[in-house]
Amino acid sequence: VTNMKFGSSLCILNVGGRRFSFSTELMKHLPLSRLSRLHRCVSESELLELCDDYDRDRNEFFFDRHSEAFSFIMLYVQYGKLRFVPHMCELSFYNEMLYWGLESADLQLCCQRRLDERMSDCFVHFFPEEEPRGHEEPQSHWLERMRRTFEEPTSSLAAQILALVSVLFVVISMVMMCASTLPDWKTAETLDQHRVIEAVCIGWFTAECIVRFLVSRDKCEFVRRPLNIIDLLAITPYYVSVTVSTLTGENSQLQRAGVTLRVLRIMRIFWVIKLARHFLGLQTLGLTLRRCYREMMMLLVFIFVAMAIFSALAQLLEHGLDLETRNPDYASIPAACWWVIISMTTVGYGDMYPVTVAGRVLGGLCVVSGIVLLALPITFIYHSFVQCYHELKVRSTRCTPSLSTEFID
């Protein structure tokens with residue numbers, strides 16, 4: 001192995017009496033964290049922390065685990081699809097997954113739902129094993145503590161205090177943005193106060209973002225994360241508007257008629273999404289939307305198909321058949337689409353409604369079909385939401401240390 005001073009170019013994994021042969025280069029790139037950690041070991045003592053036994057002569061690693069479950073996991077590595085082993089308990093297989101470094105998100109959607117139902121029935125939660133840090137240099141250990149403090153709000157008391165301060169700045173900035181639109185706040189004195197508070201909040205967000213970038217493990221991965229992109233979208237408009245104000249002047253024609261600048265200022269509303277770092281509910285919502293994109297696409301397809309059908313029929317019945325009593329609200333199919341979407345979602349603003357008997361019958365069918373069509377994918381989304389909530393809650397609870405441990409450290 002590359003980092004080990006022993007072994008050969010061929011590794012043998014003995015899992016429950018069944019042997020699997022891999023080249024060291026292939027094992028290095030397998031998406032199983034336990035095997036990748038095995039590859040980085042530099043001594044036999046570190047090896048024995050990850051496997052049950054090691055044969056130096058044959059370069060063979062022994063694991064007292066379920067061999068058939070590992071065979072299915074290797075099929076996932078080969079073909080990219082992971083399903084439960086037939087006639088094996090879902091919880092037992094999930095325990096094997098966690099041992100090798102996989103999560104429930106790696107399962108196919110049908111198996112994810114089975115696991116969610118099983119865990120809900122048994123009230124069982126599994127905790128993935130953390131990678132042993134081993135002997136780290138003081139500088140890397142300090143960077144890791146800084147990273148956990150800024151990235152994981154429940155990892156320590158300092159992280160909780162930092163998260164509370166960040167939430168406080170988000171709330172203050174949102175209150176000031178809303179108050180700045182009130183007529184009584186548009187005086188010179190209040191505008192100056194608002195600029196000072198806004199500058200302080202932006203300064204905090206900028207410093208927080210820079211520190212999190214500096215202590216991150218992978219800078220490219222940091223830039224690609226959705227929450228970090230949102231942070232950038234929320235911070236950048238302020239500096240753009242300040243730069244334009246400095247170059248053109250506060251009362252210039254560009255400032256008074258600058259629609260682009262007003263749009264940039266209102267983009268500060270993205271600060272609200274920063275709360276997702278500190279609130280489990282928003283994290284659950286984001287993870288659910290990411291996992292249920294197929295169900296969401298199915299829901300949108302249902303809505304678009306129903307809109308196309310009902311809007312065309314409504315335009316025909318209300319405007320196209322009777323030339324004397326044409327309903328002007330249904331003059332075109334795009335105009336009728338607004339009525340269809342409002343009816344299907346049972347909002348019913350009443351700004352436009354059918355007046356003919358046939359149009360009212362169609363409206364009733366539109367409402368009933370909307371209830372049925374929207375309810376079909378909701379069950380799948382609900383199950384995924386429950387599973388995501390359990391996973392994030394357990395992970396958050398596990399990362400929260402006791403106060404006594406914090407004070408001892």
Residues forming a salt bridge (charged side-chain N to carboxylate O under 4.0 Å, His left out) with Glu60, sequence neighbours excluded: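 Salt bridge (charged side-chain N to carboxylate O under 4.0 Å, His left out) list for Glu60, sorted by chain: Arg19, Arg58.
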Between [X] and [Y], is any side-chain donor less than 3.5 angstrom from a side-chain acceptor?
{"X": "Thr356", "Y": "Glu318", "result": "yes"}
{"X": "Thr206", "Y": "Tyr239", "result": "yes"}
{"X": "Trp338", "Y": "Asp351", "result": "yes"}

Shortest non-hydrogen separation from [X] to [Y] and the atoms involved:
{"X": "Met352", "Y": "Ala336", "result": "CE-CA, 4.5 Å"}
{"X": "Ile229", "Y": "Arg224", "result": "CD1-O, 3.8 Å"}
{"X": "Thr236", "Y": "Leu232", "result": "OG1-O, 2.7 Å"}
{"X": "Ala314", "Y": "Leu362", "result": "N-CD2, 3.4 Å"}
{"X": "Leu373", "Y": "Ala306", "result": "CD1-CB, 4.0 Å"}
{"X": "Phe84", "Y": "Cys111", "result": "CE1-O, 3.2 Å"}

Which distance, rounded to the nearest 0.5 Å, do you find between the [atom1] of [X] and the [atom2] of [Y]?
{"X": "Leu376", "Y": "Glu295", "atom1": "CG", "atom2": "CD", "answer": "12.0 Å"}
{"X": "Met298", "Y": "Cys292", "atom1": "CE", "atom2": "SG", "answer": "10.0 Å"}
{"X": "Phe310", "Y": "Cys337", "atom1": "CZ", "atom2": "SG", "answer": "12.5 Å"}
{"X": "Phe205", "Y": "Tyr238", "atom1": "CZ", "atom2": "OH", "answer": "12.5 Å"}
{"X": "Ile235", "Y": "Glu208", "atom1": "CD1", "atom2": "CD", "answer": "8.0 Å"}
{"X": "Leu164", "Y": "Phe169", "atom1": "CG", "atom2": "CZ", "answer": "11.0 Å"}

Under-4.0 Å salt bridge between Glu198 and Arg195: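 The answer is no: the pair does not qualify as a salt bridge.
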Is there a side-chain contact between [X] and [Y], using heavy atoms and a 4.5 Å cut-off?
{"X": "Ile309", "Y": "Val305", "answer": "yes"}
{"X": "Ile341", "Y": "Met307", "answer": "yes"}
{"X": "Thr288", "Y": "Ile381", "answer": "yes"}
{"X": "Ile303", "Y": "Leu374", "answer": "yes"}
{"X": "Asp231", "Y": "Arg212", "answer": "yes"}
{"X": "Tyr94", "Y": "Leu102", "answer": "no"}
{"X": "Tyr330", "Y": "Pro354", "answer": "yes"}
{"X": "Phe63", "Y": "Asp53", "answer": "no"}

side-chain contact (heavy atoms from CB on, under 4.5 Å) between Ile210 and Leu214, intermediate numbers included: CA-CA 6 Å; Ile210 292 175; Leu214 293 177; 4.0 Å; yes
Flag if over 12 foreign heavy atoms under 6.0 Å of CZ, Arg18: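 It does not: Arg18 CZ has 12 such atoms or fewer within range.
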Heavy atoms from other residues, nucleotides or ligands near OH of Tyr353 exceed 12 (cutoff 6.0 Å):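 No.
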Stepwise side-chain contact (heavy atoms from CB on, under 4.5 Å) test for Ile371 and Thr346: CA-CA 8 Å; Ile371 295 174; Thr346 67; 4.0 Å; yes
Lys NZ or Arg CZ of Arg65 over Tyr99 ring: under 6.0 Å, within 45°: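 So Arg65 does make the cation-pi contact.
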Test log, rule side-chain contact (heavy atoms from CB on, under 4.5 Å), inputs Cys209 and Asn228: CA-CA 8 Å; Cys209 189; Asn228 297 331; 5.9 Å; no
Any residue meeting side-chain contact (heavy atoms from CB on, under 4.5 Å) with Met88, in chain and number order, not counting sequence neighbours: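 Met88: side-chain contact (heavy atoms from CB on, under 4.5 Å) contacts with His66, Ala69, Val85, Ser92, Phe93, Glu96.
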Side-chain (Asp106) to main-chain (Glu103) donor-acceptor, under 3.5 angstrom: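 Pair found, side chain donor or acceptor close to backbone of Glu103.
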Main-chain N/O of Ala163 paired with Ser166 side-chain donor or acceptor, under 3.5 Å: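 Not at all, since once roles are kept as given, no pair shorter than 3.5 Å links the two residues.
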Candidate pair Val211 and Met146, rule side-chain contact (heavy atoms from CB on, under 4.5 Å), full reasoning: CA-CA 9 Å; Val211 172; Met146 286 286 293; 4.0 Å; yes
Aromatic ring pairing Tyr54/Phe61, orientation class (parallel under 30°, perpendicular over 60°, tilted between):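 Correct class here is tilted.
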